[in-house]
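Hydrogens, waters and symmetry mates are skipped; everything else that's a heavy atom, side chains included, is used.
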Amino acid sequence: MPDAARAQAILIDRLVATVGDQALTWRDVEAARLLGSVAAAGTPQEAIDRVITRELMHIEVTRLAVAVPIAAAVDERFDRARQRAGGAAALARALETIGLTEARARDWVADDIRIDIYVDQRFTAAAQPTDAEVAQEAASQGAVAPTPDQREAARRRLVQTRRAALIADWIAGIRARTSVQVAGGA
């Protein structure tokens with residue numbers, strides 16, 4: 001291969017951030033999109049922010065030694081990534097493009113599941129409203145004598161709002177004690 005062709009074949013990655021002692025690159029952002037860790041839609045900066053948040057969460061679940069999920073859960077989520085990619089061959093090509101082996105991709109998915117398990121265990125129960133709070137929320141939506149469906153919708157809204165606030169506070173705490181440096185613009 002001529003030197004010019006060899007030079008063109010070299011994949012150069014771009015540093016997007018460092019979180020603690022972990023460097024995050026654009027390939028990490030692409031891996032997160034491909035494997036479903038972050039939404040494929042959105043701006044590059046939104047994806048970078050989500051990958052930074054994922055890494056902060058990953059640091060915490062690693063520190064707390066959250067158990068590795070069962071293989072079937074990893075297989076199921078990896079199959080969803082395969083379907084999103086357009087099949088096994090398409091996923092294999094996409095993984096190769098970003099320099100990720102299937103084994104490392106499965107580890108990434110397992111880490112996502114560990115994060116999800118921890119967040120669910122820690123924040124779902126803490127976000128549960130009382131019956132009085134549910135009634136008040138339903139009333140704020142115009143339901144004078146709320147139906148069971150309206151009460152359930154009110155409960156879901158309250159849990160979702162509270163859970164999001166608890167998670168945001170948790171991430172802010174991790175971020176406050178972890179060095180996060182974002183590289184230049186996306």
[X] versus [Y], closest heavy-atom pair with distance:
| X | Y | result |
| --- | --- | --- |
| Arg54 | Ile115 | O-CD1, 3.8 Å |
| Ala145 | Gln150 | O-OE1, 4.2 Å |
| Arg162 | Ala127 | CD-O, 3.4 Å |
| Thr18 | Leu15 | CG2-CD1, 4.2 Å |

Taking it one step at a time, do Thr101 and Leu95 satisfy side chain to side chain contact (heavy atoms under 4.5 Å, CB included)? CA-CA 6 Å; Thr101 65; Leu95 289 173; over 6 Å; no
Before you tell me yes or no, could you show the steps for Leu35 and Leu100 under side chain to side chain contact (heavy atoms under 4.5 Å, CB included), namely the whole-Å CA-CA distance, both residues' side-chain angles and the distance that decides it to 0.1 Å? CA-CA 11 Å; Leu35 298 172; Leu100 207 58; 4.1 Å; yes
So, taking the atom named [atom1] in [X] and the one named [atom2] in [Y], what distance separates them when rounded to the nearest 0.5 Å?
| X | Y | atom1 | atom2 | result |
| --- | --- | --- | --- | --- |
| Asp169 | Phe123 | CG | CZ | 8.5 Å |
| His58 | Ile174 | NE2 | CD1 | 12.0 Å |
| Arg82 | Leu34 | CZ | CG | 11.0 Å |
| Arg155 | Asp131 | CZ | CG | 5.5 Å |
| Arg175 | Ile52 | CZ | CD1 | 5.5 Å |
| Asp28 | Asp13 | CG | CG | 7.0 Å |

Would you kindly say whether Gln83 and Asp79 are connected by a side-chain donor-acceptor distance under 3.5 Å?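 The answer is no; no qualifying pair exists.
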Say whether Thr25 and Arg14, considering side chains only, have a donor N or O and an acceptor N or O under 3.5 Å apart.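 There is no such pair (donor and acceptor under 3.5 Å, judged by atom type) between the side chains of Thr25 and Arg14.
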Validation row: [X], [Y] side chains within 4.5 angstrom (heavy atoms):
| X | Y | result |
| --- | --- | --- |
| Met57 | Ile171 | yes |
| Glu46 | Val51 | no |
| Arg106 | Asp75 | yes |
| Arg163 | Asp120 | yes |
| Val182 | Val16 | no |
| Pro129 | Val159 | yes |

Checking [X] side chain against [Y] main chain: does a donor-acceptor pair fall under 3.5 Å?
| X | Y | value |
| --- | --- | --- |
| Arg151 | Ala138 | no |
| Arg177 | Gly173 | yes |
| Glu133 | Thr130 | yes |

Going by the angle between their ring planes, with limits at 30° and 60°, are Trp170 and Tyr118 parallel, tilted or perpendicular?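 Tilted: the ring planes of Trp170 and Tyr118 meet at 30° to 60°.
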Count the heavy atoms belonging to other residues, nucleotides or ligands that lie under 6.0 Å from CD of Gln128, then report whether that count exceeds 12.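 More than 12 within 6.0 Å, yes.
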Should Arg122 and Leu166 be marked as a side chain to side chain contact (heavy atoms under 4.5 Å, CB included) after you check the CA-CA gap, both sets of side-chain angles, and the distance that decides it? CA-CA 9 Å; Arg122 179 166 177 187; Leu166 289 168; over 6 Å; no
Report the hydrophobic cluster partners of Val134, with the cluster defined as I, L, V, M, F, W, Y residues connected by side-chain heavy atoms closer than 4.5 angstrom, directly or transitively.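 Its cluster mates, by chain and number, are Leu158.
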Applying side chain to side chain contact (heavy atoms under 4.5 Å, CB included) to Ile98 and Trp26, what does each step give before you reach the verdict? CA-CA 9 Å; Ile98 58 176; Trp26 186 250; over 6 Å; no
Quick one, Glu30 with Arg27, criterion salt bridge (Lys or Arg N to Asp or Glu O under 4.0 Å). Give me CA distance, side-chain angles, the key distance, then yes/no. CA-CA 5 Å; Glu30 291 300 317; Arg27 281 195 248 181; over 6 Å; no
